[in-house]
Amino acid sequence: MPTILGQNQYGKAENRVVKITRDGATHHIKDLNVSVALSGDMEEVHYSGSNANVLPTDTTKNTVYAFAKEYGIESAEQFGIHLARHFVSSQEPIHQARIRIEEYAWERIEASDANSQFIGADEVKHSFVRKGQETRLTQITYDGEKWEVVSGLKDLVVMNSTNSEFWGYVKDKYTTLKEAYDRILATQVSGRWRFNWTDDEQRMPNWEKSYEQTKKHMLQAFAETYSLSLQQTLYQMGSRIINNRSEIDEVRFSLPNKHHFLVDLEPFGLKNDNEVYFAADRPYGLIEATILRDGCEARIPTDLTNL
């Protein structure tokens, strides 16, 4: 045979599942986008078309919805762990399962003091609005023995309106950028962090608390760092996470610099004292780096596009 089969996987991508938990009149929402990818003894289906080892992707879709009912959704990580364990342990040809989940957060709509005709405002515990800008992410990989959990977020836009400088950089004949001693620093955070929980003998992290605290430390580092470069801020964000969250060994950020340029108001006889900016959406500087706990090995891919 002149060719051989390389790495392969299959599954059902982007299964949208919304789970409502009804605690009396108070409801809770978990809103997930779940993608399943399975790999193992799948050579024959590629070579001859035999489906003898193939669990239909429609079945993986149905499993997602059934598990939402059977197990509930305590967290995106826990739900992904249930799914990965099931696919690997229940299907002999499947040697590895990778579950990717995006979570969309909701928060309750604050009711007014006045009562409506049908429902007292103080009784409204089932109305929600999509929360925040960021999307929470997790990827769970399981091979029957070892786990790898990488979580994170994307599309979280942050800004410091001062306490940021950029000067002392290399200049050549093509350099036109003026040095800045007081500038806006803004970025759209895409970050992933890898947990050191790898097998069932270890104590499992509290996934919900870990996400909340990791995001808190990341944002505090962004706000509290007097920045001489976005690279410096990135490193402080990752370091703060690792120094405060013992369950995390590796953090990777991709930070596009959302440039804000001072507008030249002199043609209008006006002085621009760091007040009016042009927000440029492209091109943009793109700063990326991995921060590791000392002695640990980097495993998060350098390209976060599909993670």
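Below, all heavy atoms of this structure are taken into account, side chains as well, without hydrogens, waters or symmetry copies.
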Indicate yes or no for a side-chain donor-acceptor contact from [X] to the backbone of [Y] under 3.5 Å, with no hydrogens or angles considered.
{"X": "Thr138", "Y": "Glu77", "answer": "no"}
{"X": "Asn53", "Y": "Gly40", "answer": "no"}
{"X": "Thr59", "Y": "Leu55", "answer": "no"}
{"X": "Arg194", "Y": "Val149", "answer": "no"}
{"X": "Asn206", "Y": "Lys209", "answer": "yes"}
{"X": "Gln139", "Y": "Ile101", "answer": "no"}

Is there a path from [X] to [Y] through hydrophobic residues (I, L, V, M, F, W, Y) whose side chains come within less than 4.5 Å of each other?
{"X": "Tyr277", "Y": "Val157", "result": "no"}
{"X": "Val54", "Y": "Leu5", "result": "no"}
{"X": "Leu262", "Y": "Leu270", "result": "no"}
{"X": "Tyr235", "Y": "Leu219", "result": "yes"}
{"X": "Tyr104", "Y": "Ile99", "result": "no"}

Tell me, do [X] and [Y] make a side-chain contact under 4.5 Å, heavy atoms counted?
{"X": "Val34", "Y": "Arg100", "answer": "no"}
{"X": "Asn257", "Y": "Thr187", "answer": "no"}
{"X": "Met218", "Y": "Leu153", "answer": "yes"}
{"X": "Tyr142", "Y": "Gln96", "answer": "no"}
{"X": "Gln202", "Y": "Thr198", "answer": "yes"}
{"X": "Ser151", "Y": "Trp193", "answer": "yes"}
{"X": "Ile184", "Y": "His259", "answer": "no"}
{"X": "Leu156", "Y": "Val158", "answer": "yes"}

Practice item. Start with the C-alpha gap between Ile140 and Arg98, add the side-chain angles, then the distance that decides, and say whether side-chain contact (heavy atoms from CB on, under 4.5 Å) holds. Key: CA-CA 6 Å; Ile140 295 93; Arg98 187 197 70 199; over 6 Å; no
Revision key, fill the gap. In short, ring-ring contact (aromatic ring centres under 6.0 Å, His included) pairs touching residues 148-175 with sequence neighbours left out are Phe166-Tyr169, Trp167-Tyr181
Side-chain atoms of residues 222-230: list all donor-acceptor pairs with protein atoms under 3.5 Å, sequence neighbours left out, distances to 0.1 Å.
{"unit_1": "Glu224", "atom_1": "OE1", "unit_2": "Arg240", "atom_2": "NH1", "d": "3.3"}
{"unit_1": "Glu224", "atom_1": "OE1", "unit_2": "Arg240", "atom_2": "NH2", "d": "3.0"}
{"unit_1": "Thr225", "atom_1": "OG1", "unit_2": "Ala221", "atom_2": "O", "d": "2.7"}
{"unit_1": "Tyr226", "atom_1": "OH", "unit_2": "Glu165", "atom_2": "OE2", "d": "2.5"}
{"unit_1": "Ser227", "atom_1": "OG", "unit_2": "Ser229", "atom_2": "N", "d": "3.3"}
{"unit_1": "Ser227", "atom_1": "OG", "unit_2": "Ser229", "atom_2": "O", "d": "2.7"}
{"unit_1": "Ser227", "atom_1": "OG", "unit_2": "Thr233", "atom_2": "OG1", "d": "2.8"}
{"unit_1": "Ser229", "atom_1": "OG", "unit_2": "Gln232", "atom_2": "N", "d": "3.1"}

Pair up each side-chain donor or acceptor in residues 279-296 with any protein partner under 3.5 Å, not counting sequence neighbours, and list the distances.
{"unit_1": "Glu288", "atom_1": "OE2", "unit_2": "Ser254", "atom_2": "OG", "d": "2.9"}
{"unit_1": "Thr290", "atom_1": "OG1", "unit_2": "Arg252", "atom_2": "NH1", "d": "2.8"}
{"unit_1": "Arg293", "atom_1": "NE", "unit_2": "Ile248", "atom_2": "O", "d": "3.4"}
{"unit_1": "Arg293", "atom_1": "NE", "unit_2": "Asp249", "atom_2": "OD1", "d": "2.9"}
{"unit_1": "Arg293", "atom_1": "NH1", "unit_2": "Ile242", "atom_2": "O", "d": "3.4"}
{"unit_1": "Arg293", "atom_1": "NH2", "unit_2": "Ile242", "atom_2": "O", "d": "3.0"}
{"unit_1": "Arg293", "atom_1": "NH2", "unit_2": "Arg245", "atom_2": "O", "d": "3.0"}
{"unit_1": "Arg293", "atom_1": "NH2", "unit_2": "Ile248", "atom_2": "O", "d": "2.6"}

Exercise for review: With side-chain contact (heavy atoms from CB on, under 4.5 Å) as the test, would you mind laying out the steps for Met237 and Gln220 before giving the verdict?
Suggested key: CA-CA 8 Å; Met237 291 163 65; Gln220 287 178 344; over 6 Å; no
Going by the rule side chain to side chain contact (heavy atoms under 4.5 Å, CB included), which residues pair with [X] if we only count those two or more places apart in sequence or in a different chain?
{"X": "Val276", "value": "Val263, Leu265, Asn272"}
{"X": "Glu201", "value": "Asp199"}
{"X": "Ile20", "value": "Val18, Arg22, His27, Ile29"}

Review point. Do the charged groups of Asp143 and Lys146 touch, with an N to O distance under 4.0 Å?
Key: no
**Study point:** Basic-acidic side-chain contact under 4.0 Å: Lys30, Glu208
**Key:** yes
If you measure from [atom1] on [X] to [atom2] on [Y], what distance do you get to the nearest 0.5 Å?
{"X": "Ile73", "Y": "Thr21", "atom1": "CD1", "atom2": "OG1", "value": "8.0 Å"}
{"X": "Arg183", "Y": "Asn163", "atom1": "CZ", "atom2": "CG", "value": "12.0 Å"}
{"X": "Ser48", "Y": "Glu43", "atom1": "OG", "atom2": "CD", "value": "11.0 Å"}

Review point. Taking only residues two or more places apart in sequence or in another chain, which ones pass side-chain hydrogen bond (donor to acceptor under 3.5 Å, both in side chains) with Gln7?
Key: Gln9
Review point. Lys258: what forms a side-chain hydrogen bond (donor to acceptor under 3.5 Å, both in side chains) with it, not counting sequence neighbours?
Key: none
Practice item. Give a yes or no on whether Lys216 atom NZ has more than 12 heavy-atom contacts from other residues, nucleotides or ligands under 6.0 Å away. Key: yes
**Study point:** Glu70, CD: over 12 other non-hydrogen atoms inside 6.0 angstrom
**Key:** yes
Review point. Does the gap between the ring centers of Trp147 and Phe195 come in under 6.0 Å?
Key: no
Revision key, fill the gap. Contacts of His217 meeting ring pair (Phe, Tyr, Trp, His ring centres under 6.0 Å) (sequence neighbours excluded), chain-then-number -> none
Review point. Excluding sequence neighbours, so at least two apart, what forms salt bridge (Lys or Arg N to Asp or Glu O under 4.0 Å) with Glu102?
Key: Lys154
**Study point:** Results of salt bridge (Lys or Arg N to Asp or Glu O under 4.0 Å) for Glu179 - residues two or more places apart only
**Key:** Lys171
Exercise for review: Using distance alone, with no hydrogens and no angle criterion, decide if Glu14 and Ser35 have a side-chain donor and acceptor under 3.5 Å apart.
Suggested key: no
Practice item. Give a yes-or-no answer on whether the side chains of Asp182 and Thr162 include a donor-acceptor pair shorter than 3.5 Å. Key: yes
Practice item. Is it possible for you to check whether Arg136 lies under 6.0 Å from the centre of the six-membered ring of Tyr211, through NZ or CZ, and within 45° of that ring's axis? Key: yes
**Study point:** Verdict with supporting geometry, Glu134 and Lys215, salt bridge (Lys or Arg N to Asp or Glu O under 4.0 Å)
**Key:** CA-CA 11 Å; Glu134 84 273 11; Lys215 180 182 172 184; 2.5 Å; yes
Review point. Stepwise, does the side-chain contact (heavy atoms from CB on, under 4.5 Å) test hold for Trp197 with Trp207?
Key: CA-CA 11 Å; Trp197 179 79; Trp207 305 113; 4.1 Å; yes
Revision key, fill the gap. Smallest heavy-atom separation, Gly11 atom then Thr60 atom, equals C-OG1, 4.4 Å
Cut-off 3.5 Å, no hydrogens considered: what does the side-chain donor-acceptor table look like for residues 80-95, sequence neighbours left out?
{"unit_1": "Arg85", "atom_1": "NH1", "unit_2": "Asp200", "atom_2": "OD2", "d": "2.9"}
{"unit_1": "Arg85", "atom_1": "NH2", "unit_2": "Asp200", "atom_2": "OD1", "d": "3.1"}
{"unit_1": "Ser89", "atom_1": "OG", "unit_2": "Arg85", "atom_2": "O", "d": "2.6"}
{"unit_1": "Ser90", "atom_1": "OG", "unit_2": "His86", "atom_2": "O", "d": "2.6"}
{"unit_1": "His95", "atom_1": "NE2", "unit_2": "Asp41", "atom_2": "OD2", "d": "3.4"}

